[in-house]
Structures are given as structure tokens and as C-alpha cells.
There are 2 protein chains.
Amino acid sequence: MAVGEASFPAMPVIEGLRLGTARAGIKQPSHRDLVVIEIPDGARVAGTFTRNAFCAAPVIVAKEHLAICSVRGQGPRYLVINTGNANAGTGEIGLRDARATCAELARLAGTHAEAVLPFSTGVIGEPLPMERLLAGLPAALQGLDDGPVGWHEAGEGILTTDTRPKGASVIVPLGDDSVTINGIAKGSGMIKPDMATMLAFVATDAAVEQSLLDALLRETVDRTFNCITVDSDTSTNDACMLIATGRGAEVASEEAVRGFRDGLQRVMTELAQAIIRDAEGATKFVTLQVEGAVSRREALDVAFTVAHSPLVKTALYASDANWGRILAAIGRAPVEAFDVSRVIIDLGEVRLVEAGGRAPGYTEEAGSAVMGREEICIRIDLGRGGQAATVWTSDLSHDYVSINADYRS
Amino acid sequence: MAVGEASFPAMPVIEGLRLGTARAGIKQPSHRDLVVIEIPDGARVAGTFTRNAFCAAPVIVAKEHLAICSVRGQGPRYLVINTGNANAGTGEIGLRDARATCAELARLAGTHAEAVLPFSTGVIGEPLPMERLLAGLPAALQGLDDGPVGWHEAGEGILTTDTRPKGASVIVPLGDDSVTINGIAKGSGMIKPDMATMLAFVATDAAVEQSLLDALLRETVDRTFNCITVDSDTSTNDACMLIATGRGAEVASEEAVRGFRDGLQRVMTELAQAIIRDAEGATKFVTLQVEGAVSRREALDVAFTVAHSPLVKTALYASDANWGRILAAIGRAPVEAFDVSRVIIDLGEVRLVEAGGRAPGYTEEAGSAVMGREEICIRIDLGRGGQAATVWTSDLSHDYVSINADYRS
């Protein structure tokens, strides 16, 4: 199940950046499950990774290799991504396998193993099927393509329980020039990113200083991928990579940074929202806007408490305007000296709650009309301050239980 | 659905304490939905209440009346409990209705309104049907009974989505004498108590000083009702009351306090576990033992993170020994400087994880054999210190979604 229609955009070429895929038989024989992204020489790469203490072997190796590239002053040249197996909870064997994958790709492509960053997604706790994975690498390299087909097939090659590939692209005008930002992402369950979501790859032809690139990625991830949740479960394999080839216009002036930041925010918001629209079992796409908070942290705490409440999520699934459950969830959020009589809750254009109780003009009919929609906005004003935050989430359906109870994922 | 068989014990008489019920038509016509508990003169009463900022009107009034009783030096004489309507999120009207209920019961019973404590449970956000509620009070008073029938019917009269009444009783020997502790509780969903669970009433004939009674209740609630979770949703109406009539043996010596504390712990553990066994949609009763923590808080944080993980809960429902999901949940718990290579996870008698990966001798067959059981113990050793905590929880089933999506509760 998924919310709304989704089409994969025809991605413009980012010169020098190519993507190739293979069917290595790691996931199912008919699926693309191996992706190689070739990065041109001179590009800069920023990355954010899961904060889960049990982070997967490829996350450890990718961070190590990125640090080595930084010391050497030469950016990474290849990303290699497999789906079907997360190489997580695999101890020493997992580290050895991730390093061996990088070494083999480096040998085939004529570069150093440390110039390759590995990423994996899929089932936790099984060793990587190394023979099949390594055997798939030549095909992925031979298929390297810089056009829309390369991007689309790579978008498909990183999926797990997702029902559709997720891509987004913008062209940002910079004075007389312009830069392109393309991105792909995957994720459908085990989604409550903390630093990044389960695999997103964004690339641009812009020329951006490394420290600025790092800062922009961190800032944008915090307002996009870190603001979505399906089920409160942070993955062991989360990673978001931002590649700037530097072959296009320079992003340095204040105005250029502003334009680039906006473009990046648009691409990453679209990818983050695409993950929620395709969340496991989702029938609703829900925007939680919390306003009037003392701090952004407080606004996020309230938004996530509501977004994680199984009772709110099942009411959303049932299209039941059960504002009592929303109110109960807000009430248990970690907010100091909370005066509940100032809270206002709007469901779409309908006022649900004010002064700690049902709003005077509220009718079940009006509430049900909004709850019946596929896209629902819940606005919560805490009446305490001037800070706000927005979080996107999905509902909790029978299909979520089926997907996670019937299959090993 | 519910886990295992459950029988309601034949409760011994606690002299002077009587319970009466009525079918007032608040829930469904055929259900007992109104309960009055009469407390003898001279008894001491301790209470803990929800910490949800949106606490219900009866919680506010019960706390006020308990404080007034304390100032006057006269304990409360009546508890009045209705199910079918929580009188929560009802603003000023809710407070007026809760006070009017106390006033009417006081008038009928010849006492002060402040000597009556009100409790409500059921749907949030609807006004109490006052006419029917008040009309039911005389029948509840006429039916007051101090025997097993009174306790059993009161146990039934406080239920909401529960499938069965929950009672526990122990007799604690104190030297040549003994005291009785009886308790009833309700709760099945919206269960993640914070100070107390959704309505538990425990009574004893013991003579216990007020400050000791307060301390024993707080301490025991923290290790029983505050250690269960169905769905992480803290109710707006949680309350746990402990009544000591003082007509039996005195609990004052160190030995007597120890014996009484153990008895209280047994009764309240049994009631807390009964709530989990009857959790909405539950097919599994799960004990999470976290050991080797730096602090009890840390052990509780890890235990609750695992207990709230929808992916762990659906794996439990599926009887799937998906240790990767347990490991991923532990990894996102708020633990400082977490060395995951020291973590050990046992599933019943089977070692699942050690050194950050699957235990060498582990087989899927052995794991599945344990996961197939109705009662499952997951032991997690963090290898960091000497503190521990135990939390009880249930699985996440199709029926949980049905119960909370198909019906307004």
C-alpha cells in the first residue's frame, strides 16, 4: 500500500557522475539489488550516518574510508550499495565482507579500496552472500550511465520493502548560471532517522567548499529526514550522502548559498515525504505542525510523541477524529510546566480542541470529513512560545502488522 | 484475545470495607459500570495518579479531596468509579460533573462531598451522562458487600476493553497475627503508566502509618504498574489507590514492614501482569529483563525502548526470533558511550546474541521453539554495571489494530 500517485522524475545529467546496477541475486533473482555510483575526480562528498549504537559494518567502513579520503585530500570515487542484506549484527565477518567489497570494486575500477564507500540495506543478522555480490560488480560497472535511465535504475536498485522508487530533482538558478540537484532515497519501515534516513544519495554539479557542504547536509537532514517517522525504529544502516562534483557553478556568495540551500531542502523534503507516502502499510500521509513551543526541541518532542502513538496512528487508519487520543499523547510529551488550557488543535481547517477540551463549534461530521482524506494536517499550538517544528508520519494499519509479522525483514 | 487462563480469586473479607456495583447504562445496558467502595472510619488511604498533563477531571477532584481529607485528619470514606466514560478533555463541565457525583453520593451516604473520591475510565472527550450516573448510585449503595461477590463484581464493574476482571490477594503472616491484602485493577490499552496504571484499588486491614503507606505505595507502583507497557500511551485517568483500614495487625516493626512490602509487591505485580496478559490483541506475555546497566534508569530506558518497538512487537506476534530487531532497538536506546560488543541477549534458555552479533551456537530452530511459546522472557545483559530492571509487555497483533481502529475507545 502507498499514499497517492508517485512518478520518478527524468533526472538531468550531472556531468561526470554515473550510476550502474546489476541483478546479483542478493534480494530476489528478478530484482536489481546492486548499485554502483561513480563520482568524478575532484568532487566533494559529505555524509551523515545512523546514531544507532549497533551501526552496521558498512556504516563503520564508510565512515573510516570517508575520513581517510579527507586526510588524503582526495574525495571518494565510488559508492557501492546492495539491498537484500543489511550486513548488520554480523560482527568481524561483516567488517571483513564490507572491506572486501570495496577492495574488489577498487581492483576492477583501478582505484584504492579507501576511495570506495559501502552501503547495505535489508535483513539484519545474515552474512553477506559475498560470492554473488562480487560476481555482480562487473555488470554494474559496465552499465554505468549518467542519464535518466541510470538514475531510475539506481533508484530501483536500493529498494527493500518499498513499493516504488523515490527520486527528486531541482535546477537552482544562480545568477546567469544554474546548478542541478538530483536525489534518490529508499525506506519504508524501521524509519525514525537520527542523523539520516536509511540510504539517500543526493548529487549536484555545484562547486561547494567541503565545510559548507558538510554544514548544509547536516542542517537539511535535520529538517527533512530527521523529521519523518514510520514506527519510531531507527535503523542500523541509515546514511545520507551528498556529492558535489564541482563542475558546475560555484556556491559561495551569500545569495548563491541561500538558493542552493533552498534547492537542497526541496529535494530532500520531497525524498523524505516520499518515504512516508510509501511507509509500510500506509493509507494516510500525515503532517504534524507543532507551533507555540518554547524551543524547537520541545516542538519536535510533542510532534514525535503524537506521531509515535499507536492509538493516534490506529485512529488515523480508521479515519476516526479521535481528538482525545491526540490530546492524551500531547499530555504525556516531555514538556515542563505544561498549561494544557492554552493548547489549540486544528485538524485541517477544522478546530478540534481549545482550552483543554473540545472546541465549542466542533462537530463529528466536520472532523470525519477531514480524517477521511489521504493527506491530513494536524496543527498543534502549545501557546507557550514562538518556536515550531514539522514532522511527517503515516498511520498504523493491518498491513503494517502483516508486512512485519508475515515476512522476515 | 488474552494470554493464558485467568481466574478471579475468592477474596477474603477486609472488615469494614464494602463494595457495591450498579448497571447505570453508561457503558452498555448489560454491563456493571458503576462501583462504590465504602471505606471504614479511621482507615488511611494513599494514592498515585497519572502524570499526563491532560489529566482527567476526576483525577483533579480526587487529588483535591484527598488533600482536604489530609488537612482535616479524616480519611476518605467512599470511592466512586464509573466505566464507559473517562470524563477527560471535558474542561469546566467535567470538573462540575465529577464534583456533583461526589456531592450526590455524600448526600445519600450521609457524609461530606470531600470524603468521596471520583474515578472514571472509558471514552475521552464526551460529557458524563450525569442523569444515568446519579440514578445508579442508590443501587450501588444498597448492594454494598464485604465478601468475595462484592470484590468480584467490583472487579467487573471497572473494566473497559478488558476481556476479564483482574484480582489478586495475599495473606501476610506478621508474627502470630496476619494481614490481608486484596486488589483489583483494570487496563488493556493506553497502557504505559507513569506513577500508576489506569485504575487499581488495593485494600488491607493492616494498620500502617500514613507516611509509610504513601512511601510503600510509591515504591511498589514504581516496580509493578510503572513497569508495564502495552502501547507506550499513558492514560489521562491513571490512578492507584491503597486503603489500609487499620483494624488488623500493626505494620510498624522492621520485620512487619518487610513482610507487608513483599505482600504488596506480590499483589500489585500480579495485577500489573494481569493487565499485560489481557492487553488489547495480545497473543504473547513478554518479560524483558535488562541487567548489567549503570543505573536502574538506564536499564528501564533500554527495556522500554525494546518494549515499545513496533518491529520487535510484530516479530513477537509472528513468533519470529528476529534478534536483529531487538539489537536495533537496544542500539537506539538513550545510553551514553554504549559498547555494543559487550551486549548479551538470551531468549528464554537460548543465547541469541553476544559480542555484537549472533551467538556462535545459535540456530533458528532453537530460537523459534522459544518464540512459539505464549510466555517469553528476553534477557538483555548490557555488560556495563550492576543495575537491573524488569518490564512486562505484549505483542502487536492484527487484533490490536482492529480493536483500536474499528471502535471508538
Side-chain angles (χ1 to χ4, degrees), chain A residues 51-55 86 88-94 123-125 189-190 192 194 231-236 308-312 314-315 317-318 320 322-325 327-333 335 338-341 343 353 355-358 396-398 400-406 408-409, chain B residues 51-55 86 88-94 123-125 189-190 192 194 231-236 308-312 314-315 317-318 320 322-325 327-333 335 338-341 343 353 355-358 396-398 400-406 408-409:
Chain A
R51 281 191 183 144
N52 195 308
F54 273 105
C55 70
T90 44
E92 283 302 318
I93 295 169
V123 66
I124 296 176
M190 201 177 259
K192 201 278 175 180
D194 188 10
D231 48 15
S232 78
D233 278 309
T234 305
S235 154
T236 48
H308 292 155
S309 161
L311 291 174
V312 171
T314 46
Y317 172 48
D320 175 10
N322 194 321
W323 54 273
R325 293 185 185 173
L327 184 148
I330 296 171
R332 70 178 167 87
V335 175
F338 197 0
D339 177 2
V340 299
S341 72
V343 171
V353 167
R358 178 159 53 184
L396 172 56
S397 68
H398 284 291
Y400 178 88
V401 176
S402 295
I403 290 165
N404 287 297
D406 300 351
R408 167 70 66 102
S409 66
Chain B
R51 280 192 185 145
N52 194 307
F54 273 106
C55 70
T90 44
E92 283 301 318
I93 295 169
V123 65
I124 295 177
M190 202 176 259
K192 200 283 176 177
D194 186 10
D231 47 17
S232 77
D233 278 309
T234 304
S235 155
T236 48
H308 291 157
S309 162
L311 291 173
V312 171
T314 46
Y317 173 48
D320 175 10
N322 194 320
W323 54 272
R325 294 186 186 174
L327 184 147
I330 295 171
R332 71 178 166 87
V335 174
F338 196 178
D339 177 2
V340 298
S341 73
V343 171
V353 167
R358 180 160 51 185
L396 172 57
S397 68
H398 284 292
Y400 178 88
V401 176
S402 296
I403 290 165
N404 286 297
D406 300 350
R408 169 70 67 100
S409 65

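Here is the naming used below: chain letters follow the sequence lines, and residue numbers restart at 1 for every chain. Only a predicted model underlies this, so the values are computations on that prediction, with no experimental measurement involved.
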Practice prompt. Can you see which heavy atom on B/Ala405 is nearest to which on A/Tyr317, and at what distance?
Written response: CB-CD2, 3.7 Å
Worksheet item: Who wins among A/Gly357, A/Gly125, A/Ala318, A/Gly91 for the most heavy-atom pairs under 4.5 Å with chain B?
Response: A/Gly125
Worksheet item: Looking only at heavy atoms, which two atoms of B/Phe54 and A/Leu327 are closest? And how far apart?
Response: CD1-O, 2.9 Å
Worksheet entry | For chain A, the option from B/Glu92, B/His308, B/Arg358 that forms the most heavy-atom pairs under 4.5 Å | B/Arg358
Worksheet entry | Sequence-distant partners of B/Thr90, side-chain contact (heavy atoms from CB on, under 4.5 Å), two or more places apart | B/Ala57, B/Asn87
Worksheet item: Among A/Ala315, A/Gly324, A/Cys55, A/Pro310, which has the most heavy-atom pairs under 4.5 Å with chain B?
Response: A/Pro310
Worksheet item: Are B/Thr314 and A/Tyr400 close enough that some pair of their side-chain heavy atoms sits under 4.5 Å apart?
Response: yes
Item to complete: Measure across B/Gly89 and A/Trp323 and return the closest heavy-atom pair with its distance rounded to 0.1 Å.
Response: O-CH2, 3.4 Å
Worksheet item: Which of parallel (below 30°), tilted (30 to 60°) and perpendicular (above 60°) describes A/His398 and B/His398?
Response: parallel
Worksheet, complete the sentence: Residues passing the side-chain hydrogen bond (donor to acceptor under 3.5 Å, both in side chains) test with B/Arg332, sequence neighbours excluded, are A/Asp233
Item to complete: Considering non-hydrogen atoms only, spot the tightest contact between A/Arg325 and B/Asn404 and give its length.
Response: NH1-O, 3.0 Å
Worksheet, complete the sentence: Bottom line for B/Val343: the part with an atom under 4.5 Å from chain A's heavy atoms is side chain
